[in-house]
Amino acid sequence: MTTMTDTSLREFKMPDVGEGLTEAEILKWYVQPGDTVTDGQIVCEVETAKAAVELPIPYDGVVRSLHFPEGTTVDVGTSIIAVDVSGGAALAPAEEAAPAKPAAEPRPAEPAPAKPQGRKPVLVGYGVAESSTKRRPRKGVPPVAAPVEDTLYGATALQPVQGELNGHGPHAVSAPRPLAKPPVRKLAKDLGVDLTTVTPSGPDGIITREDVHAAVAPPKAPEPAAAAPVAVAAPAAAPAPVVSYDGARETRVPIKGVRKATAAAMVGSAFTAPHVTEFVTVDVTRTVKLVEELKQDKDMQGLRVNPLLLIAKALLVAIKRNPDVNASWDEAAQEIVVKHYVNLGIAAATPRGLIVPNIKDAHAKTLPQLAESLGELVSTAKEGRTSPAAMQGGTVTITNVGVFGIDTGTPILNPGESAILAVGAIKPQPWVHKGKVKPRQVTTLALSFDHRLVDGELGSKVLADVAAILEQPKKLITWA
């Protein structure tokens with residue numbers, strides 16, 4: 001059988017799926033070594049600082065190896081998967097190169113070389129490999145330590161081969177990698193446990209969750225002497241490990257992905273743009289009634305019709321009447337950039353954290369078109385399929401804290417935007433209507449704005465216009 005040549009291997013590198021992103025976390029692999037893939041086939045899902053994105057492979061061929069397990073954060077430009085494009089159909093043993101010297105005896109830490117026949121277990125449920133894989137040495141290139149098994153990050157022993165690692169020149173790997181499944185590796189990472197120090201108890205020397213927990217369990221205190229009084233004392237200077245997923249007092253969650261990016265953006269915004277927040281409480285009974293009428297309208301059938309739709313339309317009309325509020329601050333050029341379009345952001349809570357996709361050119365959409373765009377935006381966000389492009393270029397944002405039963409808040413601006421409108425819960429309250437106290441549908445609106453761009457007068461006009469439209473929705477016609 002012919003050995004796979006180096007020129008038949010294509011290394012697919014982690015792309016920059018956003019603008020200027022430097023890393024992404026591998027969430028899920030959809031292929032395994034030995035699978036045949038075609039150009040454009042989705043091979044994995046990754047999470048960047050902005051969104052979860054599925055990556056297509058640009059080659060036809062057979063997957064030879066996956067370089068990183070799920071849960072690993074990888075720098076942009078680093079190879080993550082190798083594909084054999086030579087036309088081979090499956091993983092197969094390669095010809096062994098004749099050794100220049102007698103093989104050295106295995107080190108104590110290394111298991112004995114595997115027999116050519118038989119099946120070896122793969123740690124992560126990706127099937128099994130029929131045998132070990134070796135590569136033919138290339139002339140003039142120093143040796144590199146590489147896994148005996150060319151399967152999914154489950155190598156059991158290391159041996160010298162010739163080649164380069166990820167195209168970055170020769171590197172040496174000095175010790176075998178401990179055997180553990182990705183969830184166990186993640187647990188160890190969260191707990192700060194070095195797997196090379198853990199004693200495995202699983203079959204074939206695999207490290208289990210229990211082994212990791214045992215490695216961080218505090219040592220049992222010695223029994224006090226019989227005559228000594230029992231004293232309760234605080235622990236020593238170093239705190240006991242507290243991270244666990246089965247009942248410990250604390251859980252530590254790595255700060256990464258969307259949450260890390262959101263935190264950095266909010267801190268940057270809070271300490272860069274001087275925030276001012278104004279509030280108004282408004283009777284929205286007529287808006288609530290209009291929503292019910294629109295649900296029955298044939299032109300709105302199949303569309304997402306709710307109070308948020310009319311609030312979004314009200315804000316767009318208010319911006320049209322007060323265009324200077326739709327601007328950004330260009331610190332480098334020392335200019336205020338007034339936007340003649342509105343990319344309306346809608347803050348969405350997702351399992352991966354808060355994201356703010358926006359509706360492009362929302363100002364130019366009719367009410368049915370706005371409803372359709374809003375429905376697509378919310379559905380895509382809930383499914384975790386919001387693209388980085390959908391979260392770029394926003395100008396003004398709405399955050400609907402009312403869905404959580406909250407009356408109002410003081411929202412922080414999205415970086416680069418001039419204003420954000422928080423919408424509180426709509427609920428019955430006693431209200432003076434036509435000279436009498438009656439139960440009415442009432443909500444509180446809060447508008448935060450960048451005081452470098454928007455002064456108190458302009459901010460007040462925008463908020464007052466939104467409130468007036470929601471109190472008298474017919475103004476959507478007279479002011480539009």
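Side-chain atoms are counted along with the backbone in the values below, which use heavy atoms only and exclude waters and symmetry mates. What you see is a predicted model, and the numbers here were worked out from it, not measured in a lab. Sequence positions, counted from 1, serve as the residue numbers for this chain.
In this structure, a donor-acceptor pair under 3.5 Å is absent between the side chains of Ser201 and Glu210. Side-chain polar atoms of Thr408 and Thr444 form no donor-acceptor pair below 3.5 angstrom. Inspection of the Asn326 and Thr395 side chains reveals an N or O donor paired with an N or O acceptor under 3.5 Å.
For the pair Gly71 and Glu25, the tightest heavy-atom approach, listed with the atom from each and the gap, is CA-OE2, 3.5 Å. When every heavy atom of Gly409 is checked against every heavy atom of Ala422, the shortest pair comes out as O-CB, 4.5 Å. Shortest non-hydrogen contact noted between Glu278 and Gly459 is OE1-C, 3.8 Å. Across every non-hydrogen atom of Ala24 and Met14, the tightest pair is CB-SD, 3.8 Å. Of all non-hydrogen atoms in Pro307 and Ile426, the two that sit nearest each other are CB-CD1, 3.9 Å. Nearest heavy-atom pair across Trp29 and Pro69 is NE1-C, 4.2 Å.
At a threshold of 4.5 Å between non-hydrogen side-chain atoms, the residues Ile80 and Thr72 do not count as touching. Taking the side chain as every heavy atom from C-beta outward, Asp450 and Pro274 approach each other to under 4.5 Å. Inter-residue side-chain proximity for Asn400 and Val403 is flagged as met; some heavy-atom pair is nearer than 4.5 Å. For the pair Asp330 and Ile336, the minimum side-chain heavy-atom distance is 4.5 Å or more. The shortest distance between side-chain heavy atoms of Asp211 and Thr199 does not fall below 4.5 Å. For the pair Pro200/Ile206, no side-chain contact is recorded, criterion being any heavy-atom separation below 4.5 Å from C-beta on. Side-chain contact check for Val83 versus Val85: some heavy-atom pair is nearer than 4.5 Å.
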Report, one line per pair, each donor and acceptor closer than 3.5 Å where one atom sits in a side chain of residues 434-443; sequence neighbours left out.
{"from": "Arg440", "atom 1": "NE", "to": "Asp283", "atom 2": "OD2", "distance (Å)": "2.8"}
{"from": "Arg440", "atom 1": "NE", "to": "Thr285", "atom 2": "OG1", "distance (Å)": "3.3"}
{"from": "Arg440", "atom 1": "NH2", "to": "Asp283", "atom 2": "OD2", "distance (Å)": "3.2"}
{"from": "Thr443", "atom 1": "OG1", "to": "Gly424", "atom 2": "O", "distance (Å)": "2.9"}
{"from": "Thr443", "atom 1": "OG1", "to": "Ala425", "atom 2": "O", "distance (Å)": "3.3"}

For residues 51-62, which side-chain N or O atoms pair as donor and acceptor with protein atoms under 3.5 Å away, sequence neighbours left out?
{"from": "Asp60", "atom 1": "OD1", "to": "Asp39", "atom 2": "N", "distance (Å)": "2.5"}

Just list the side-chain donor-acceptor pairs under 3.5 Å for residues 308-325, sequence neighbours left out, or say none.
{"from": "Lys313", "atom 1": "NZ", "to": "Lys365", "atom 2": "O", "distance (Å)": "3.1"}
{"from": "Arg321", "atom 1": "NE", "to": "Asp465", "atom 2": "OD2", "distance (Å)": "3.0"}
{"from": "Asn322", "atom 1": "ND2", "to": "Ala318", "atom 2": "O", "distance (Å)": "2.9"}
{"from": "Asn322", "atom 1": "ND2", "to": "Asp465", "atom 2": "OD2", "distance (Å)": "3.0"}

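Counting non-hydrogen atoms of other residues, nucleotides and ligands closer than 6.0 Å to NZ of Lys339 gives a total above 12.
Of the inter-residue distances, the one linking Thr386 atom OG1 with Ile355 atom CD1 reads 3.5 Å to the nearest 0.5 angstrom. The structure places CG of Asp297 at 6.0 Å from CG of Leu294, a figure rounded to the nearest 0.5 Å. Distance check: Ser79 OG to Lys13 NZ gives 7.5 Å after rounding to the nearest 0.5 Å. For the atom pair NZ of Lys461 and CG of Asp455, the computed distance is 9.0 Å after rounding to the nearest 0.5 Å.
Between Glu293 and Lys289 no salt bridge is recorded (no basic side-chain N to carboxylate O distance below 4.0 Å).
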